Amino acid sequence: MAAKLFQIQPQDNAAVALSDIAAGETVTLGDTSYTAQAAIPAGHKMAIRPIHMGEDVLKYGFPIGTARRDIAVGEHLHTDTVKSKLGNLLEYRYEPEKAPRWVPAQYSYLRGKTFDGYARPDGRAGIRNEIWIIPMVGCVNAIAQAIEKRAQEYRTGTIDGIYAYGHPYGCSQLGGDMTNTQKYLAALVRHPNAGGVLVLGLGCENNEMAQMRDLIGSVDERRVKFLLCQEVEGRNQVGLQGARLVAEIAREVRDIPRTPQPVSKLVLGLKCGGSDGFSGITANPLVGEACNELVAAGGTGILTEVPEMFGAETLLMNRAKDERVFEDTVQLINGFKEYFMRHGEKVDENPSPGNKAGGITTLEDKSLGCVQKGGIAPVMDVLAYGDVAQEKGLLLLCAPGNDLVASNALAAAGAHIVLFTTGRGTPFACPVPTVKIASNPHLAQYKAGWIDFSAGRLLEGETMKEVTADFLDLLLAIASGRAHAKSEALDKHDLAIFKDGVTL
């Protein structure tokens with residue numbers, strides 16, 4: 001009979017139900033039997049030792065909260081019996097001796113491998129050769145869409161797509177909000193998956209085109225064009241002028257070939273959403289192994305969702321490459337807590353209803369599973385929102401947990417692909433291929449039109465080594481254009497930009 005309980009670490013007093021356990025049912029873990037005191041759904045937790053009120057509840061070898069009352073063996077561990085320990089700002093010590101031992105030679109699957117990508121003038125490589133129409137202000141979204149429609153006839157040669165991206169920002173914003181919008185849009189203009197870009201403005205917005213051009217910096221103006229709609233005279237002429245500019249861009253980029261690129265140029269964004277009780281034992285560890293393999297081969301992984309680091313932050317801080325990165329990580333965590341507190345919100349106001357239904361009880365429970373996507377490599381740098389990755393290796397990025405905002409932030413930071421683990425499923429897309437990894441076999445089958453890969457194979461007896469190899473092969477195929485993420489067939493026309501401030 002297949003095991004129904006899984007203990008992640010020997011010191012854990014909470015075990016995960018691998019399938020539904022009925023009230024009164026007796027299940028075994030190793031040589032010990034346990035009788036469920038209540039029904040425990042798959043992905044949820046059972047107490048396997050007595051836990052006294054106020055005592056730590058342990059999962060992944062770390063506290064995920066404390067007991068609200070005395071808990072007997074066999075009881076369901078969830079929101080009615082376990083509460084978060086999280087609170088206000090904390091002080092931290094840099095303790096690199098507590099970090100896991102990083103031995104790159106143990107990760108050799110990607111060593112020497114290449115993908116077929118598009119060489120870019122700045123030395124980076126794209127995995128798609130698309131033309132993007134990027135509005136500087138939401139007022140011109142409809143114009144951008146009209147230009148996209150007119151310009152489809154120019155999708156020839158190696159051009160993978162022509163897309164207009166809409167958003168509601170760029171005007172009536174102040175201070176940090178405007179800075180976030182400008183940095184984010186400038187980073188997208190420079191993204192290597194965009195062979196060419198039409199930057200579209202209105203002419204009277206706060207986000208002035210001159211400022212944006214300074215922020216974007218030097219570009220090849222044969223492949224990056226700028227258009228202010230208010231400066232174009234005549235009815236329907238803006239759409240025609242925009243389409244003409246896209247045609248000029250297309251002539252420059254339609255013959256760019258795919259050529260072998262070292263895997264060290266690949267950048268992966270690491271994200272989870274709609275997590276369940278299996279995410280931290282299948283999908284997130286799988287992505288962590290893929291990140292380890294890529295970093296060992298000289299590539300880059302970017303981990304974000306700062307609120308979902310709360311409770312597991314010291315695991316990342318101790319992996320900082322030096323004191324500077326440690327201090328930047330402390331500021332990343334405490335700065336985001338201060339953001340919560342400015343708005344009168346509790347630091348532990350997480351997980352979501354869907355997370356709870358899937359078996360995640362506290363934010364610590366969620367975070368300890370979440371950070372596994374970053375593997376065990378050293379943390380090399382911390383990026384502010386809108387920053388573009390410069391360092392190789394594992395990086396941390398400031399962005400919220402919101403799926404759309406965080407995935408867009410990863411794209412702007414330079415991620416070619418976003419790896420998105422999920423136990424509940426989601427169809428959303430962002431500007432770069434968004435690969436959905438299911439934490440359990442049921443989801444992979446039930447939502448086959450959304451899911452690209454099943455980490456649930458780990459629950460069915462396959463080894464992490466086998467599953468990781470297949471997963472990396474899929475990523476190389478997607479990077480080379482031989483395969484596509486399911487999300488690429490869905491609508492990806494809307495940008496999600498981080499907002500925290502006054503709208504005029």
Side-chain angles (χ1 to χ4, degrees), residues 120-122 126 128-157 159-173 178-254 256 386 388 408 411-412 431 491-497:
R120 301 304 187 201
D122 63 2
R128 298 290 180 266
N129 190 37
E130 296 175 342
I131 296 175
W132 292 353
I133 304 162
I134 300 181
M136 295 295 98
V137 63
C139 307
V140 296
N141 287 348
I143 298 295
Q145 292 165 5
I147 294 171
E148 177 198 76
K149 187 175 180 180
R150 285 179 180 270
Q152 290 307 308
E153 64 182 288
Y154 308 123
R155 183 182 171 180
T156 59
I159 296 173
D160 291 307
I162 299 173
Y163 300 102
Y165 291 105
H167 62 88
Y169 301 123
C171 201
S172 302
Q173 290 184 287
M178 179 58 77
T179 299
N180 279 350
T181 295
Q182 291 177 322
K183 287 179 65 179
Y184 168 85
L185 294 174
L188 276 192
V189 171
R190 299 193 299 267
H191 197 284
N193 283 4
V197 179
L198 173 61
V199 182
L200 193 66
L202 180 58
C204 59
E205 61 268 30
N206 292 48
N207 188 18
E208 296 180 84
M209 185 69 83
Q211 292 179 356
M212 285 303 302
R213 293 191 72 151
D214 287 343
L215 191 58
I216 292 166
S218 177
V219 295
D220 179 351
E221 297 207 12
R222 296 169 301 175
R223 301 186 351 182
V224 178
K225 307 283 186 180
F226 299 86
L227 178 63
L228 280 174
C229 295
Q230 289 176 345
E231 294 183 355
V232 179
E233 183 179 0
R235 182 182 178 186
N236 298 325
Q237 292 303 304
V238 175
L240 290 172
Q241 176 66 7
R244 281 196 289 268
L245 291 174
V246 173
E248 292 176 13
I249 295 168
R251 285 194 290 272
E252 294 296 326
V253 305
R254 66 190 179 191
I256 299 174
V388 178
N408 273 263
D491 184 44
K492 64 169 189 169
H493 284 83
D494 295 325
L495 302 179
I497 302 174

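What you are looking at is a predicted structure, and each value in this text was computed from that prediction instead of being measured.
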How far does [atom1] of [X] sit from [atom2] of [Y], to the nearest 0.5 angstrom?
| X | Y | atom1 | atom2 | value |
| --- | --- | --- | --- | --- |
| Gln173 | Asn206 | CD | CG | 8.0 Å |
| Ile256 | Asn129 | CD1 | CG | 4.5 Å |
| Tyr184 | Asn408 | OH | CG | 3.5 Å |
| Cys171 | Met178 | SG | CE | 6.5 Å |
| Leu240 | Ile147 | CG | CD1 | 9.5 Å |
| Met136 | Ile134 | CE | CD1 | 6.0 Å |

What is the minimum heavy-atom distance between [X] and [Y], and which atoms define it?
| X | Y | value |
| --- | --- | --- |
| Ala187 | Val388 | CB-CG2, 3.7 Å |
| Ile133 | Pro135 | O-CD, 3.6 Å |
| Leu200 | Cys229 | CD1-SG, 3.8 Å |
| Tyr169 | Thr181 | CB-OG1, 3.9 Å |
| Arg223 | Pro121 | NH2-CD, 3.3 Å |
| Val246 | Ala151 | CG1-CB, 3.6 Å |

- Member of Ile216, Val189, Val197, Leu198 meeting the side-chain contact (heavy atoms from CB on, under 4.5 Å) criterion with Phe226: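 Output: one option passes, namely Ile216.
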- Item | Criterion side-chain contact (heavy atoms from CB on, under 4.5 Å) against Val137, the qualifying member of Glu205, His167, Glu208 | Glu205
- Item | Residues Asp220, Arg222: salt bridge by 4.0 Å N-O rule |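 A salt bridge links Asp220 with Arg222.
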- Query: Are Lys225 and Glu252 ion-paired here, with the side-chain N under 4.0 Å from a carboxylate O?
  - Reply: no
- Task: Using a 4.5 Å cut-off on heavy atoms from C-beta on, say whether the side chain of Arg244 contacts that of Gln241.
- Result: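 The answer is yes, as the side chains (C-beta and beyond) meet within the 4.5 Å cut-off.
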- Side-chain heavy atoms of Leu188 within contact of Leu495, under 4.5 Å: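 Yes, side chains in contact.
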- Answer with yes or no whether the side chains of Arg155 and Gln152 bring together a donor and an acceptor at under 3.5 Å. no
- Hey, can you tell me if His493 and Tyr163 have their rings parallel, tilted or perpendicular (30° and 60° cut-offs)?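 Perpendicular: the ring planes of His493 and Tyr163 meet at over 60°.
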- Query: Where does the angle between the aromatic ring planes of Trp132 and His191 fall among parallel (under 30°), tilted (30 to 60°) and perpendicular (over 60°)?
  - Reply: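 Tilted: the ring planes of Trp132 and His191 meet at 30° to 60°.
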Verify, without hydrogens or angle tests, whether [X] (side chain) and [Y] (backbone) share a donor-acceptor contact under 3.5 angstrom.
| X | Y | answer |
| --- | --- | --- |
| Asn180 | Ile497 | no |
| Asp160 | Glu130 | no |
| Arg120 | Pro192 | yes |
| Gln182 | Asn207 | no |

